[in-house]
Amino acid sequence: MKIKETAKVLNQSKLAEGIFSLTIATTASEYAIPGQFINIFSKDASNLLPRPISICEIDKAAGTLRMVYRVVGKGTTEFSSLKAGDTAEIMGPLGNGFPLEGEKAIVVGGGIGVPPMLELAKQLPGSVTAVMGYRNDDLFLSEEFTDVASDLIIATDDGSVGVHGTVVDAMVENELEADVIYACGPKPMLRAVAQYAAEHNIKCYVSMEERMACGVGACLGCVCQSKDVDDHSHVHNKRVCKDGPVFLSTEVVL
Amino acid sequence: MKIKETAKVLNQSKLAEGIFSLTIATTASEYAIPGQFINIFSKDASNLLPRPISICEIDKAAGTLRMVYRVVGKGTTEFSSLKAGDTAEIMGPLGNGFPLEGEKAIVVGGGIGVPPMLELAKQLPGSVTAVMGYRNDDLFLSEEFTDVASDLIIATDDGSVGVHGTVVDAMVENELEADVIYACGPKPMLRAVAQYAAEHNIKCYVSMEERMACGVGACLGCVCQSKDVDDHSHVHNKRVCKDGPVFLSTEVVL
Amino acid sequence: MKTSVNIAGVEFQNPVMEASGTFGSGMEYSEFVDLNKLGAVVTKGVANVPWPGNPTPRITEVRSGMLNAIGLQNPGVEVFCERDLKFLEQYKNTKVIVNVCGHSAEEYIEVVERLANESRVDMLEINISCPNVKEGGIAFGQAPKAVEEITRLVKSHAKQPIVMKLSPNVTDIKVMAKAAEAGGADAISLINTLTGMKIDVERQNFVLANKTGGMSGPAVHPIAVRMVYECANSVSIPIIGMGGITTWEDAIEMMLAGATAVSVGTANFFNPTATMDILSGIEDYMVRKKIEDINSIVGIVK
Amino acid sequence: MKTSVNIAGVEFQNPVMEASGTFGSGMEYSEFVDLNKLGAVVTKGVANVPWPGNPTPRITEVRSGMLNAIGLQNPGVEVFCERDLKFLEQYKNTKVIVNVCGHSAEEYIEVVERLANESRVDMLEINISCPNVKEGGIAFGQAPKAVEEITRLVKSHAKQPIVMKLSPNVTDIKVMAKAAEAGGADAISLINTLTGMKIDVERQNFVLANKTGGMSGPAVHPIAVRMVYECANSVSIPIIGMGGITTWEDAIEMMLAGATAVSVGTANFFNPTATMDILSGIEDYMVRKKIEDINSIVGIVK
Ligand SMILES: Cc1cc2nc3c(=O)[nH]c(=O)nc-3n(C[C@H](O)[C@H](O)[C@H](O)COP(=O)(O)OP(=O)(O)OC[C@H]3O[C@@H](n4cnc5c(N)ncnc54)[C@H](O)[C@@H]3O)c2cc1C
Ligand SMILES: Cc1cc2nc3c(=O)[nH]c(=O)nc-3n(C[C@H](O)[C@H](O)[C@H](O)COP(=O)(O)OP(=O)(O)OC[C@H]3O[C@@H](n4cnc5c(N)ncnc54)[C@H](O)[C@@H]3O)c2cc1C
Ligand SMILES: Cc1cc2nc3c(=O)[nH]c(=O)nc-3n(C[C@H](O)[C@H](O)[C@H](O)COP(=O)(O)O)c2cc1C
Ligand SMILES: Cc1cc2nc3c(=O)[nH]c(=O)nc-3n(C[C@H](O)[C@H](O)[C@H](O)COP(=O)(O)O)c2cc1C
Ligand code: FES
Ligand code: FES
């Protein structure tokens, strides 16, 4: 079930330079699962297309969704000025979300790929090792993982906190093992995590990103390459918005 | 001197159904005279062009301008939701304004042509008879004329208040005489007032309206026909935004 | 109040369709729109075999519009018949217009012949105007001779009425419309997308993998209205008007200019109920303006 | 840091100009912009005699754009020389490009010859692409033969370098650019406006008295960038790029696509300091990207 509605902004706060946390009241929360995303629309009619933002936290009781996003352009700049009481046009939840599997899971987030891992870590049935990669010591959200993950490992590009290097450097250094890995972040990171998973024979889910228009699987704008001929497309393409954003690392070309 | 600036909204109120009064703080007030207008810009980037709105009151001491406008489309709908503390992008003052003349003046406003007459009536050196035409008994602003005009005559299309008919019907009925007439309103009204003025040998200024782009005389979008070859254009055209909006009724084709 | 319109013998319950490629075959939007209320479902372009389309990024936003370079990805006519047409069986009130694409005359014909006996197909829209594929597509749509020939050929193989979909990337759209009419088209539809480009100034590279993309959305509407107007005053076959239709006013504008029906494309992406909102806006307009029959306003602004 | 660009021997201190018809001869905007800081002032179209232009309404807004049908109102070349050129005398750092219009070859030539000995005129832009006049204008700009001929003719009478201003309302802009080059043009400028139409659904009539108008503003920018790119890769004469330039990013995009200089049109109407804002944005970009010479980015995206 997907909702298109005018949601109410309950709260917005700045987590770090250019990183904002937005909580909205929306009936979309009733249907949301971790790894799904919502489309947020700009109020400026010259910005036609929705901005896809992953769901960071779901509170079904309160009927709310939380999103954490980086300001990078026109839409996110506009969203960053939303205040409690304002409204936001949204559509969601969209995409397939993460399957909740394994007794021992590693959740890997890189940069703005960190947020969707929070709700995932909360809902996973087994133990969770969270590996979070950041540019520097602006470790937004990382504290919140201490409550929901059994272990929290931090890697930073500049070495200011935790492992000096990538999330995969941190995984290697800590010789991490698990039944399943979940990853969200930039493509090179996903590629490296998938390789780590393959080498260690661990099942691995990755959350992909692509430019979108419809968000519901109709326009074929947001495809990623699939290893096999895909059931829907009958070519080597999968729709990130509908068939994903979460894929098995072995299904897609990274 | 023309200003393009982000003005501060001090106050907005609803005067009648669909009629709003907006007061802004702007340095444009320093240079404004009655009959001039300002351009107000939409915050929505898909609405490119400014909306020209006449100046209804000028308070140089307070540094404010007041505009009264009717909600008719996208821009004015947006403006109607401005609240104290908000900002509005504006440019002005634009156009030439009314020359302040005569010992005995008639100011004539029809519908949304009423507002610019208020500041004019205040500043005119002689006695002022205000003749205001409305559709019905929604006599927005008329009370405010009682303080600034020596006489106030109302005409309504539906006869609910004052003279049943047009402003010219009211002028005829009251056998109005004066040194000078100032008029703002729909074209048929201006035409009728100009004819009354011609018949009674009264000098008459009319404020014209046309679709505008630049507002400063550069694009030649907003011309009205002039009786003689115009000095600037060297054809029979005058720019409403720059050479007007106020013209002698004898200069232009009504 | 009559909202139904007739194009080449096909009766549409109302003039509101969605535009090819923006709505799949309706499945994905059926959560938002009762497909049974649409004048027609116009499908994504279908070729003789599956087409992979272009590399990504395929989509970018421009002011009041978007560029796309999907490159006509589609699963081929076989899968289309088995899956999409079967899905559409359940929506009896809605007509189905299948958009057909090909790299060559033979490929168009293959699709048209495969669809000939599919009873769910009410009409064919022949896309000779896609700017995003290297061969075929727009190449057929920019020279009047080629338009006339491909029209004649397709018409001679088609069992359903054919609508030729024209490209706006031409000097004189009237010439193309006349060529389609001369070739025997039952109707024309326009506009397809305008070729545009966006460059990322930070990366100093094209935003789209395909370099250029087709521009659509509200930004192109004034050009579409002009072209529909020009065609309506040049040919006597009916016109399906599209290009930037976002509100009911846009749709009425298109009909006043000469379109018998309208298609809504890009607007679905930011308003999934755009088609229904437009339909009810049209009905309200008819009531307010005391219009008994929607056909009475087609092309009345001259 | 070098911002100056050279087009046909004329050295512009920077690549930012305003677009013909949107800035008068600069007078009206001199309250907002120090004209001495512009690369060039490009004047409103000038004809041999005064032109009255079209009836009003001449202007309407469309989404992220506008339509205009001014119809080249101008006071004629005599008044222009005496008043406008005289006014421009005081801005020594700025070049002056005079935009020339005519109904016939003879009229273009009359203007070009009248301007031949005016020292304040650095360059001529020949408008063969105005969609808003019945004769002349666009009629010259939509057939390659006509473009080549008028270019050759004007060039043979002109003392200053000539820039041919091309229409985007064509199937293949490259062909037009090549025709201008073949005719001896020193440079080309593009795009002029795209023909559009708006209908008032309440009044059921055209919004513009002229029925159609030329569309400009941010909405047309992606089309302009594509056309500049196509031309840059087809001819070797320099290009002045325009069409929807509103921000410095738009200007850089145009230069990366192949424009040596850029003109800012409609943006002046909603931001009177648009040209200066764009210029300083370009300068900041050069500093940030360590670009020593603005010429080094022209056409580098291929
Ligand atoms: C499934 C998915 C989930 C995402 N989750 C998050 C998240 O949780 N937090 C977060 O900060 N960002 C997330 N993103 C990226 C986010 O969508 C973009 O940063 C955002 O759309 C940029 O919009 P803008 O208007 O600020 O930028 P602009 O550059 O002005 O946007 C212009 C256009 O490009 C699109 N666009 C720009 N960057 C991207 C991008 N990286 N991916 C897709 N489209 C883009 C926009 O949607 C818009 O249509 C996600 C993207 C996807 C596809
Ligand atoms: C010199 C001058 C003074 C004016 N003073 C007042 C005033 O004091 N109070 C008031 O209520 N109205 C005034 N108007 C009319 C006012 O400008 C329009 O009602 C307003 O621009 C409509 O904008 P919109 O976005 O709500 O309508 P839309 O129809 O959405 O506007 C679309 C476009 O059309 C233009 N437009 C629409 N109607 C008009 C119009 N009647 N005249 C000129 N352009 C128009 C808009 O500026 C905009 O560019 C004045 C107009 C002029 C030219
Ligand atoms: C993502 C996308 C895909 C499209 N695919 C097709 C297609 O397969 N066949 C076709 O004829 N037109 C296709 N079009 C063009 C549309 O049908 C329509 O002609 C155009 O977008 C203008 O309408 P709009 O502005 O309402 O979107 C596509 C447009 C978009 C935006
Ligand atoms: C009001 C207006 C008047 C114009 N007059 C002329 C003109 O006289 N000669 C000309 O060659 N182009 C004229 N143009 C076209 C512009 O110079 C420019 O090519 C076009 O507007 C695209 O640029 P823009 O989108 O930045 O406005 C005019 C454009 C506008 C909006
Ligand atoms: S965004 Fe349209 S298919 Fe994914
Ligand atoms: S609005 Fe441009 S000249 Fe008046």
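Every chain is numbered from 1, with letters handed out A, B, ... down the list of sequences.
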Problem - Spacing of B:L141 atom CG and B:M132 atom CE [to the nearest 0.5 Å] - result: 9.0 Å
Practice task
Search all heavy atoms of A:C224 against all heavy atoms of A:M208 and return the closest pair with its distance.
Solution key: CB-CE, 3.9 Å
Problem - Under the side chain to side chain contact (heavy atoms under 4.5 Å, CB included) test, residues paired with A:A155 that sit two or more places apart - result: A:V163, A:A170
Output all donor-acceptor pairs under 3.5 Å across chain A and chain B; consider backbone as well as side chains.
from, atom 1, to, atom 2, distance (Å)
A:D44, OD1, B:A45, N, 3.3
A:D44, OD2, B:A45, N, 3.0
A:A45, N, B:D44, OD1, 3.3
A:A45, N, B:D44, OD2, 3.0

Exercise for the section: Go through the steps for B:F79 and B:I40 under the test side-chain contact (heavy atoms from CB on, under 4.5 Å), then give the verdict. Expected result: CA-CA 9 Å; B:F79 304 153; B:I40 312 186; 3.6 Å; yes
Practice task
Provide the closest heavy-atom pair for A:F37 versus A:G215 in the form atom of the first, atom of the second, distance.
Solution key: CZ-O, 4.5 Å
Practice task
To the nearest 0.5 angstrom, please state how far the CG atom of A:L22 sits from the CD1 atom of A:I38.
Solution key: 7.5 Å
